[in-house]
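Here the structure is laid out as structure tokens; the discussion comes afterwards.
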Amino acid sequence: MMASRGTSAVLSRAARMRQKLQSVLEASALDIEDVSYQHAGHAAVKDNANETHFNVKVVSPKFEGQSLVKRHRMVYDLLRDELSSGLHAVSIVAKTPKELGS
């Protein structure tokens, strides 16, 4: 167990986000873009912190029958630990495989 805990500290925030979203949502497509550089110098970004702002596009069959609000809530719930440890903002596009195909 110690090895896995040590490994997670080495992973970037984007990699940790990818692991959580991919495993739980069984995403068929997942794009995570770090756009923190666009927010450097903003009051909410302390000490030029990195990995604070992300765009997330996820396609998941788990979104089937869920409202847009519920889909976003699912993503935010999975990223709760990141949001409480320096992740400041996430822009989310959440679609089902059927929606992507249409």
Side-chain angles (χ1 to χ4, degrees):
M1 249 211 204
M2 283 303 275
S4 66
R5 193 178 307 160
T7 303
S8 68
V10 175
L11 291 176
S12 68
R13 185 181 308 276
R16 292 190 308 268
M17 290 168 60
R18 180 172 300 284
Q19 275 185 340
K20 290 174 187 171
L21 295 172
Q22 183 67 54
S23 64
V24 176
L25 296 177
E26 300 168 7
S28 58
L30 179 58
D31 183 35
I32 299 176
E33 178 187 15
D34 184 349
V35 293
S36 302
Y37 68 92
Q38 296 175 348
H39 302 275
H42 290 189
V45 180
K46 294 179 175 43
D47 304 322
N48 284 327
N50 293 325
E51 297 190 304
T52 56
H53 294 71
F54 286 86
N55 292 338
V56 173
K57 296 176 186 167
V58 59
V59 179
S60 170
K62 302 255 180 147
F63 294 147
E64 199 69 53
Q66 303 296 330
S67 70
L68 186 60
V69 170
K70 175 65 173 163
R71 295 174 190 190
H72 283 219
R73 191 171 296 134
M74 290 165 72
V75 172
Y76 280 119
D77 285 349
L78 290 170
L79 300 179
R80 181 175 290 128
D81 289 347
E82 300 299 335
L83 286 160
S84 65
S85 67
L87 176 58
H88 179 70
V90 181
S91 170
I92 302 169
V93 175
K95 297 189 177 284
T96 68
K98 287 180 186 174
E99 290 170 336
L100 193 64
S102 58

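Atom set for the values below is all heavy atoms of this structure, side chains included, hydrogens, waters and symmetry mates excluded.
Looking only at side-chain heavy atoms (C-beta outward), Val69 and His72 stay at 4.5 Å or farther from each other. Taking the side chain as every heavy atom from C-beta outward, Ile32 and Asn55 never approach each other to under 4.5 Å. Using a 4.5 Å heavy-atom cutoff, the side chains of Thr52 and Leu87 are not in contact. The side-chain heavy atoms of Val35 and Phe54, taken from C-beta on, include no pair separated by under 4.5 Å.
No single ILVMFWY cluster, assembled from side-chain heavy atoms under 4.5 Å apart, contains both Leu11 and Leu30. Residues Val24 and Leu79 share a single hydrophobic cluster, defined by chaining ILVMFWY side chains whose heavy atoms lie under 4.5 Å apart.
With hydrogens and angles ignored, the 3.5 Å screen pairs no side-chain donor or acceptor of Arg16 with any backbone N or O of Asp81. Counting only distance, with no hydrogens or angles, the side chain of Ser36 and the backbone of His53 share a donor-acceptor pair below 3.5 Å. Using a distance-only test at 3.5 Å, with no hydrogens or angles considered, no donor-acceptor pair links the side chain of Arg73 to the main chain of Leu68. Between the Tyr76 side chain and the Arg71 main chain, no donor and acceptor come within less than 3.5 Å of each other. In this structure, Glu99 contributes its side chain and Thr96 its backbone to a donor-acceptor pair below 3.5 Å.
Partner of Val59 under the side-chain contact (heavy atoms from CB on, under 4.5 Å) criterion, chosen from Leu25, Leu100, Val93: Leu100.
To the nearest 0.5 angstrom, Lys95 atom NZ is 12.5 Å from Ser28 atom OG. In this structure, NZ on Lys62 lies 4.0 Å from CD on Glu26, to the nearest 0.5 angstrom. Annotation: the span from Glu64 atom CD to Lys98 atom NZ amounts to 4.5 Å, rounded to 0.5 Å.
Residues Leu78 and Lys20 share a closest heavy-atom pair of O-CD, 3.4 Å.
The existence of a salt bridge linking Lys57 and Glu33 is excluded, since no basic side-chain nitrogen approaches an acidic carboxylate oxygen closer than 4.0 Å.
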